[in-house]
Structures are given as C-alpha cells and as structure tokens.
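Working notes for the structure below.
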Amino acid sequence: MNDFVPTGKCSHGGFDFTSMIEPTGGINKDTVDSSHGYLHWKAASIAIAATSELLENVRQAAGDKQFLQMMAISKGKALCFVIDTTGSMGDEIDAVKTVTSAIIDNKVGTKDEPSVYILVPFNDPEFGPLIRTTDPNAFKRAINSLTASGGGDFPEMSLSGLQLALTGAPPGSEIFLFTDATAKDEYLKSTVIALIEQTKSVVNFMITNLLVSRRRRQSDNDQQQQQQFRMTKSDAQLYIELAKASGGQAIVVTKSELLSATSIITESSSSSRVTLLQAVRSTGMTENFIFIVDESVRNLTVFITGTLVNFTLISPSGVPQGSANMTGPLIITSQSVGNFQTLRLNTQVGLWQINMMSTNPYNLKVVGQSPVDFLFNFLEVSKAPLGGFDVVDNRPRAGVNGSLMVTVTGSESAIVTEVTLVESSGSGKVNGSVEAQGGREFLVHFDRIPSAEFVVLVKGEISNTSSVPFQRQSSTSIRASTVTITATDADSVLVPGTPLSVPFTLTTDGAGGTFSIQATNDQGFTSTVPSSLPLETGGSANGTVNITAPTNTTSGTVVTLTIQAVAPGATDTNYVVLRFTVLKTVTDFTAPVCQLLSLQSNCSDNCSLSMWELSVQVTDGADGTGIDRISLGQGNGIMNTSLAAGNGTMNTSLDAGNGTITLVTYNASCCSTDVELVVVDQVGNVGSCFYTVRKNNINTTPTADATTPTVSVNVTTTKPQGAVSMASKPVQFFLLCFSMSLLASIFQIT
C-alpha cells in the first residue's frame, strides 16, 4: 500500500503511514448527514444503472428464455434422459421416443412445460455429448436420431453418462436413466453421489433385462455367452443405492413393460410436485408410517418399489383399505409394472397412515402437487471478520452441532414450526430449534448432526386459518462427515492448453491415517492429483489438482471438477465440487456496428394498409471475431439476414469476421414504427441498433453517415455496450469478464 494519501482520498490503514492521522470527512455511506451525503443516492442510482446495463447486455446476448433460466425464473422442471444406446437397447429407445412425444404434446404450453430438455446418450467406450435445448421439437429430433449399436461386452459407461447429466442439468432436476447393463465405470459411484447431494437432483433408473439373457455378438449363441450377458439383482444393487441416495426409483421391468412404467413416472412429474414422505428399508419388516396432507395438496400419489409388499392405508377419517382390495374408497386408481406400483389416492386433508408389511426391501414415497415447498442449506460459522454464516457446499460435519437455513417457497404466509433430521433407513431423528429470520427464511439449530444418512423433514402452518399443518420432506438423502475438504474456484476461467492449479485443504475431526484422493471431471480433461495425503488425528494437509483443457476446446465449455477424499478403510468420505468455464484469450472487446443502407416507407393515415422496409449492413470489423447472431429487440416485422462477400454474392451464413459484411433486411407494417436490431459477436459483445420511421412516403438512402437522421426519418444507432477502451476502464473490463463468464454457461443452452 502507498505511504501517502492522494488528495481527496481517505486513509484505509494497513501499511498506509497516514493511517494514524485523523481523517476529515471519512467514507461513511450509511447516513446522509456527512459532507457528501447528498451524493449517496446518486452513487446508488449509478450502481443500479450499471447493474441493469450489465444484465441487459447478458439478456440480449443470451436471449430471453436462457436469461430467465439463469435468473432461476422459469416454469417447469428440466426433462432429462440418460440413455444406453448399445446394441440391445432398440426397444428401450423406441419407448423413450414414444414417451417423449407424449410428454411434449401434453405439456408444452402448460405450467408443467419443461424449462429445458437434456439428453445424454452413452455407449462403450463413448458417452455423450450432452444435448441441451429449450426447443421441444429439437429435442424430439435428437431423441428420434438415436439408434442402438455397438457395446461388445456387457458393462457400459452408465455412470459417466449420469455424471455428465448431473453437471449439465439445473439443480433439483429429475433424471431418467435407461439401461439393460451394469456399470463399467463403477469407480464413479462416489462422484455421482456427491453430485446428487450437491445438486439435490432425483435420479430414476429404468432397468430392463434383469435375470434375462441378451446377445450382442451374433456369432456366438451358446449358453455360456448368454450367461455372460445377464444382469443379476446384485448387479442392479449399484443403481438401487444411487436411486435411494437421490430419492428416486430403481424400477425393474421387462422390455415390453418399459413404455408403461416410463409413462407412469414421467406423467406424474410436475413443476409443483412435493414429497410428503419417503422411506427406504433394506430389510423387510412391518412398520407404520404417518404423513399429513394439507389443504394445498392435490393429486395425492403413493409410489412403492419392491416385490411382495403388502400395505394397509388408513385415511384421516379412520377408513382402512388394504392391498388385497384395490377397489375401495381410498384408492382412485392403481397401476403395477414390474417391481413398481403407483396408487392415486382420494385426497383427504388430515393425518394419514400406511402400514407396510414385507419380508423384502422396499421404497415408499408419498407425493402430491402443491405450490408450498422448501429449500434448505446447511450453514457453518463464517471465518470472515464480520462473522455470520457461510453455506456448506458439501457434507456437513458429523457428530457436532450444526445449523440449517430453511426457505419456504410458494406461500407468503407459511411459517415453519418443526424441522427434524430423520434417518433415511431407520427411525432415529434429531429435532432442531427454529428461529424465524423474516420473510420466508427460518434458521434451525441442531445439537447434533447424525452420522447416519438422513433426510430433512419440515412441518409448519400455511396460514392462521389452516385446519392442519403442512408436512414436506427432502427427496435427496444427506450424509454427514468428519472429513472436510475445501477449495476455491476464484480463478474460474480455464484457458485451453494452459494448466490450471486448484489448491485444496483436507481436514479431519476423527482418526488420522492415509486418505485416498480422487479428482474427476465431466469433460474428460487431463488432470493430476496426489493419490493420497497423510493426516494426523484431528489434523489437516494441503494438495493441488492440476487440470488442463485441450487446445481445441470450444470457448464457453463448462467443466465440473469433483475432488473427493476417502478416510482409511473407506469409513468416511467428503467432496468439493467446482465449476470452471473454458474461455480462449479474448482480444475482441469491440461490439458489432450497423450502417443504414436504405429505409423506404409508404405509410398512410391507415397504417394497417402500408409497409416500410429497412436495409442495414452489419460488421464486426477487420479484427473482430465475427457475428454470432442477430435478433429483434423490438419490432414485430420480418427480418432476414445474409452474408455479402467481397464479390457481392449472397449466402445464408452470418459474418465470419475479417471485415465481411452481413446484410439485414426488415419490413413491417406502418403500425409498427420502431425496430431494434440486437447484434452479438462470437465472444458476447453486443451492439444495439435502433431505427424509427415517422413520416409518410419516405425513400432514404444514406450515402455518408448512416447514423445521421434525414429530415423525415429518425435513425439512431445505440452505442455498443462493449465498445469502450478496456485499458482505461478497469471496472467495465471486470463487468465484461463477469458477463462473459455468465454467457459461457448460458450459451450451452440452444
């Protein structure tokens, strides 16, 4: 720090030798009674305007739908399919095609229309690419283009495909994985569980071919070959465990039953679906479960996964109905496919009971549709100077006290009265103390975080007039840990061909020893990491992951890096998930520009009977990266674009850079007098060009300055938002880098 204070500046301490001199004025902006208090609102207004300009820049570059997704303002959940495309999967792929068409046809235009469509195919040894689109017809085409081929041996790259889906889908997504084979990449199990916990996503496995032989090599049909390609119950256990961790289902069906099973579970998916109760039992037993249905719940549904499971339902009014009689007063409809059973109940408000009787493992889940739900994050005491809490991005610490922030969604009047950590596979529970924080947030303190796997159960009141409380439960199971691993992605930009070092710190509250370290990423980038780190009891150690993106990696690619630490004997594990954006070094900070070629109108008093036409040329300059796309910011006319090469020929491509020119024509009714062209180049610089027609019978062909209005035409070209000297404007440079980082992620949605 400098040893003097420039004129007009205030002391900031540190190594500033004037820090002991009493300052005059100070930099307090908390009150308006200081000497510069009258400037506070002006400064705030400028900051708000700059933020609005940045977000508008991002919106124009990305498009409205993608921008709303980035801001978490979108209707519907993601529809995500992970599909085995090896040789024996033809029937499954046909079923997915049928289900996809039905979902799109039934839900497009409704509140349950998927916000984004995601497809990840996997084979052996290939998997991916991840296809993500907001266009339902484009998704249909992607699904319909799938074919079954390859996969010479039995296990496939199913977890690699699932890992790619978990990193590419929005948090809280519901993912469907279709396969008839075991996982060749089972080593990714802990990575997948880490991503499930971190994203709170639900994964449903649609498994065919259990205990049924399949042949992929037509040249070898003997019994030994058939036996080799057989999935047993133990083979499917991996998928069952992952489904349990996520709160999903592991549904085992024949190929002929797959269409019915998929239709049942996808049709029940809804943007407003909430979980009232979920329990997983790995050994059969008789057990009674209770759940509360409030007035906001509709379409009450029970899912049971397992074989030879009997049950008895008891309604709030005391009416019983058992599995032996599926036509009673409580069950409206029931469907059973393979090991999966669904019951649509007659929704009654109050306390329900379901008594489960089975000697086999089973999964019980009760869901409904309601606007009222909750979000949650575990917290830890912040080490920052001002204190407070920080969000725990991985597993909370086991066996010690902890805090949880619960946010109620879908109701302004709902209050939380109880929060309990309930063991997923048992009856153990820990109750928390709830403190209202204002708004819809509630801080919950626990004396102890369970060491066993658990879920979060929330109860409360929707309003003072509600006759019964509400009950909601998290779908994803949570594991606590005595191992803590921390890292930072402050340098979140990965330059192709240049290694990036990611330091991390490993700490244990338990016994010491040699901890295994694993680092994986969803893009297959080269990375190095120490295979192990020695720790003393209650000690810590540091390590570094080096990751390198290939030189030909597309700018805007997002890579998710998962670093995991496993305690000696695999008794405990924890992880940290980091995301990096691949960006090639940017030298183009100049936005595209527009030049008006002609504007013709024949507007009369009756605007609906006349038209006007505009012709503009757009370029990104001799050293620009080229035009990525041109869209209408305003105007409801018809726009066409074509590229004018140096010889005057035309084609339908946009500007390839190097001084080439894109021609834009626009025509509209005289009732629509304004048009704004939003022009985005390959690195996200945005130019906005605005034109207006006002007078009648105008024919204008500018020859010198395209931005100068004629006597009868108001033509304005808005100054491009990126056209500033970045060397002299570090704040703008920071904002531009920030917006490019956002755009890099958004641009993957097509």
Using distance alone, with no hydrogens and no angle criterion, decide if [X] and [Y] have a side-chain donor and acceptor under 3.5 Å apart.
{"X": "T100", "Y": "Y117", "value": "no"}
{"X": "N431", "Y": "T420", "value": "yes"}
{"X": "D373", "Y": "T409", "value": "no"}
{"X": "T208", "Y": "E92", "value": "yes"}
{"X": "R281", "Y": "S358", "value": "no"}
{"X": "E197", "Y": "Y575", "value": "yes"}
{"X": "S481", "Y": "D572", "value": "yes"}
{"X": "D84", "Y": "T179", "value": "yes"}
{"X": "N204", "Y": "E174", "value": "yes"}

If we ignore hydrogens and angles and just use 3.5 Å, is the side chain of [X] paired with the main-chain N or O of [Y] as donor and acceptor?
{"X": "S323", "Y": "F311", "answer": "yes"}
{"X": "N574", "Y": "I485", "answer": "no"}
{"X": "E126", "Y": "N123", "answer": "no"}
{"X": "T305", "Y": "F303", "answer": "no"}
{"X": "D522", "Y": "T167", "answer": "no"}
{"X": "Q473", "Y": "Q278", "answer": "yes"}
{"X": "S475", "Y": "G247", "answer": "no"}
{"X": "S173", "Y": "I175", "answer": "no"}
{"X": "R395", "Y": "A194", "answer": "no"}
{"X": "N325", "Y": "T327", "answer": "yes"}

Least distance between heavy atoms, [X] atom then [Y] atom:
{"X": "A480", "Y": "A398", "answer": "CB-CB, 3.5 Å"}
{"X": "I462", "Y": "S296", "answer": "CD1-OG, 3.7 Å"}
{"X": "V202", "Y": "G248", "answer": "CG1-CA, 3.5 Å"}
{"X": "L242", "Y": "I196", "answer": "O-CD1, 4.0 Å"}
{"X": "Q471", "Y": "D294", "answer": "N-OD2, 4.4 Å"}
{"X": "A250", "Y": "I207", "answer": "CB-CD1, 4.5 Å"}

Heavy atoms, side chains only, cut-off 4.5 Å: are [X] and [Y] in contact?
{"X": "F176", "Y": "V82", "answer": "no"}
{"X": "T417", "Y": "P469", "answer": "no"}
{"X": "L119", "Y": "L146", "answer": "yes"}
{"X": "L159", "Y": "L238", "answer": "yes"}
{"X": "I251", "Y": "N339", "answer": "yes"}
{"X": "N394", "Y": "V577", "answer": "no"}
{"X": "F446", "Y": "S403", "answer": "no"}
{"X": "F374", "Y": "V416", "answer": "no"}

For the atom pair [atom1] ([X]) and [atom2] ([Y]), what is the distance rounded to the nearest 0.5 Å?
{"X": "L330", "Y": "T347", "atom1": "CG", "atom2": "OG1", "answer": "11.0 Å"}
{"X": "F340", "Y": "M206", "atom1": "CZ", "atom2": "CE", "answer": "7.5 Å"}
{"X": "M326", "Y": "T333", "atom1": "CE", "atom2": "OG1", "answer": "9.0 Å"}
{"X": "E453", "Y": "R479", "atom1": "CD", "atom2": "CZ", "answer": "4.0 Å"}
{"X": "I449", "Y": "L404", "atom1": "CD1", "atom2": "CG", "answer": "7.5 Å"}
{"X": "Y239", "Y": "S158", "atom1": "OH", "atom2": "OG", "answer": "3.0 Å"}

With sequence neighbours left out, the residues meeting side chain to side chain contact (heavy atoms under 4.5 Å, CB included) with T283 are M285

- Message: Could you go through T85 and T147, starting from their C-alpha distance and side-chain angles, then the distance that decides it, and tell me whether this counts as side-chain contact (heavy atoms from CB on, under 4.5 Å)?
- Response: CA-CA 6 Å; T85 60; T147 57; over 6 Å; no

Cation over ring, K200 on F376, under 6.0 Å and within 45°?
yes

**Request:** Assess whether side-chain contact (heavy atoms from CB on, under 4.5 Å) is satisfied between D105 and K140, documenting all intermediate values.
**Result:** CA-CA 11 Å; D105 293 343; K140 273 187 180 181; 3.0 Å; yes

**Q.** Evaluation steps, side-chain contact (heavy atoms from CB on, under 4.5 Å), between T275 and K365
**A.** CA-CA 7 Å; T275 300; K365 188 170 186 176; 3.7 Å; yes

Exercise for the section: Give the intermediate values and the outcome of side-chain hydrogen bond (donor to acceptor under 3.5 Å, both in side chains) for residues S334 and Q341. Expected result: CA-CA 7 Å; S334 65; Q341 187 173 15; 5.5 Å; no

Residues at least two apart in sequence or cross-chain that pass salt bridge (Lys or Arg N to Asp or Glu O under 4.0 Å) with E186, listed by chain then number, are none

So the salt bridge (Lys or Arg N to Asp or Glu O under 4.0 Å) pairs with at least one residue in residues 417-429 (sequence neighbours excluded) are none

For I290, is the CD1 atom crowded, meaning more than 12 foreign heavy atoms sit under 6.0 Å from it? no

Show, in sequence, the C-alpha distance, side-chain angles and deciding distance for N355 and T312, and conclude whether the side-chain hydrogen bond (donor to acceptor under 3.5 Å, both in side chains) test is met.
CA-CA 5 Å; N355 187 29; T312 299; 5.2 Å; no

Tell me whether the rings of F378 and F454 are parallel (<30°), tilted (30 to 60°) or perpendicular (>60°). perpendicular

### Task
Check step by step if side-chain contact (heavy atoms from CB on, under 4.5 Å) holds for N521 and T562.
CA-CA 6 Å; N521 68 85; T562 305; over 6 Å; no

